[in-house]
Amino acid sequence: MALIVGLVLYQQVPIEKAFGGPAELRSRLGSAYDAASLAAMPLEELEEVFRRRPALHRFPANMAKRVHAVATYLVDTYDGDPAKLWRDAETAADVVARIEKLPGFGEYKARVYFGVLSERFGVRPDGWEQYLPDWPSIVDIRDPADLPDLKARKKAWKESS
């Protein structure tokens, strides 16, 4: 769930802010940090949690809505279990297609999420290699010290595109 929330927040904020958000959200919510609890929480309450200083994102209400939507989708489609996105999938194409159906996720976020699953958690169904991001992304980070290099490579990649 933390990776999904981090990817939801990974818009118009630095990587550190986006992927630090899930830990801060968990700290603010305590044991209520799972898809079922997030989906069941009144949206106004979740927005308040996101707005609490320091805000979890520069657009806290909008990001609270997006997290709520993803959590609700996971509850409605996968019984609140994010691992069901990949657990019984036969191919990488199936996994990526499931991830792309998450509210607010397109090909970019789906491939980054799948790349992290593959590289960090060994999720490698048939055809997995072709769905790894072919651009600099968080998939490349092994250690916090890798972040400056990733930012430099991403900037160069954007400039050359």
Side-chain angles (χ1 to χ4, degrees), residues 1-128 131-133 137-144 147:
M1 193 67 202
L3 179 57
I4 291 172
V5 171
L7 283 165
V8 168
L9 299 178
Y10 190 37
Q11 286 184 225
Q12 300 180 347
V13 295
I15 292 171
E16 305 90 333
K17 178 79 171 168
F19 290 99
E24 181 59 29
L25 181 59
R26 178 179 215 130
S27 171
R28 293 176 185 189
L29 294 175
S31 62
Y33 185 73
D34 57 67
S37 297
L38 289 168
M41 181 178 283
L43 184 55
E44 298 78 25
E45 277 184 43
L46 189 58
E47 288 175 0
E48 279 304 312
V49 170
F50 268 73
R51 283 188 188 105
R52 193 177 310 148
R53 295 193 182 270
L56 290 179
H57 194 276
R58 65 188 274 207
F59 303 111
N62 190 34
M63 290 300 123
K65 287 175 187 153
R66 289 177 184 214
V67 167
H68 193 266
V70 168
T72 300
Y73 179 83
L74 288 170
V75 168
D76 292 347
T77 310
Y78 297 105
D79 301 318
D81 182 2
K84 288 185 176 181
L85 288 165
W86 67 85
R87 189 177 298 133
D88 64 350
E90 292 185 24
T91 68
D94 294 337
V95 176
V96 172
R98 290 175 183 184
I99 297 168
E100 284 180 348
K101 290 180 182 175
L102 292 170
F105 278 61
E107 179 187 3
Y108 176 86
K109 285 187 179 185
R111 288 181 60 188
V112 169
Y113 183 41
F114 181 75
V116 172
L117 291 174
S118 296
E119 296 297 318
R120 301 293 177 275
F121 301 102
V123 175
R124 295 182 175 168
D126 288 344
W128 68 275
Y131 290 96
L132 296 177
S137 72
I138 62 164
V139 176
D140 303 324
I141 296 177
R142 304 268 184 256
D143 181 280
L147 190 55

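For clarity, every value in this text was computed on a predicted model and none was experimentally measured. Note that the numbering runs from 1 along the sequence shown for the chain.
- How far CD1 of Ile99 is from CD of Glu107: 12.0 Å, rounded to the nearest 0.5 Å.
- With a 4.5 Å cut-off on side-chain heavy atoms, Thr77 and Lys101 do not count as touching.
- Partners of Glu16 under the side-chain hydrogen bond (donor to acceptor under 3.5 Å, both in side chains) rule, at least two apart in sequence or in another chain, are Lys151.
- Scored by the salt bridge (charged side-chain N to carboxylate O under 4.0 Å, His left out) test, Arg66 finds no partners at all (sequence neighbours excluded).
- Here the shortest heavy-atom pairing between Gly106 and Glu100 reads O-CG, 3.8 Å.
- In this structure, the side chains of Thr72 and Val75 stay at 4.5 Å or more apart for every pair of heavy atoms.
- The heavy-atom pair separating Gly104 from Lys109 by the smallest distance is O-CD, 3.9 Å.
- Contact of the Leu38 side chain with the Leu29 side chain is registered, since non-hydrogen atoms from C-beta on lie closer than 4.5 Å.
- Contact of the Arg120 side chain with the Leu3 side chain is not registered, since no non-hydrogen atoms from C-beta on lie closer than 4.5 Å.
- Among residues at least two apart or in separate chains, ring-ring contact (aromatic ring centres under 6.0 Å, His included) pairs with a member in residues 92-113 are Tyr108-Trp135.
- The backbone N or O of Val13 sits nowhere less than 3.5 Å from a side-chain atom of Arg58 that would complete a donor-acceptor pair.
- The pair Arg28-Glu24 counts as a salt bridge, with a side-chain nitrogen and a carboxylate oxygen less than 4.0 angstrom apart.
- Between the side chain of His57 and the main chain of Gln11, a donor-acceptor pair closer than 3.5 Å is present.
- In this structure, Asp34 contributes its side chain and Ala36 its backbone to a donor-acceptor pair below 3.5 Å.
- At a threshold of 4.5 Å between non-hydrogen side-chain atoms, the residues Val5 and Arg26 do not count as touching.
- Here the shortest heavy-atom pairing between Ala2 and Tyr33 reads CA-OH, 3.3 Å.
- Judged as a salt bridge (charged side-chain N to carboxylate O under 4.0 Å, His left out), and not counting sequence neighbours, Asp76 has no contacts.
- Applying the ring-ring contact (aromatic ring centres under 6.0 Å, His included) test to residues at least two apart or on different chains, none of the pairs has a partner in residues 65-92.
- Expressed to the nearest 0.5 Å, how far CZ of Arg51 lies from CG of Leu56 amounts to 11.5 Å.
- Heavy atoms from other residues, nucleotides or ligands lying under 6.0 Å from NZ of Lys84 number more than 12.
- Proximity of Pro125 to Val95: side-chain heavy atoms (C-beta onward) are separated by under 4.5 Å at one or more points.
- Counting only heavy atoms from C-beta outward, the side chains of Leu7 and Val116 never approach each other to under 4.5 Å.
- How far CE of Met1 is from CG of Asp81: 11.0 Å, rounded to the nearest 0.5 Å.
- Looking at heavy atoms from C-beta onward, Leu102 lies in side-chain contact with Leu74 at the 4.5 angstrom threshold.
- Nearest approach of Met63 to Leu9, heavy atoms of both residues: CB-CD2, 3.6 Å.
- The ring-ring contact (aromatic ring centres under 6.0 Å, His included) check on Tyr10 picks up Phe19, with sequence neighbours excluded.
- What you find for Val139 and Glu119 is that their closest heavy atoms are CG1-CG, 3.6 Å.
- Residues Pro82 and Gly80 come closest through the heavy atom pair CD-O, 3.2 Å.
- Within a 6.0 Å sphere centred on CZ of Arg124, other residues, nucleotides and ligands contribute more than 12 heavy atoms.
- Annotation: the span from Phe114 atom CZ to Leu85 atom CG amounts to 12.0 Å, rounded to 0.5 Å.
- Expressed to the nearest 0.5 Å, how far CG of Leu46 lies from CG of Leu25 amounts to 6.5 Å.
- Tyr131 OH to Thr91 OG1: the interatomic distance, rounded to the nearest 0.5 Å, is 6.5 Å.
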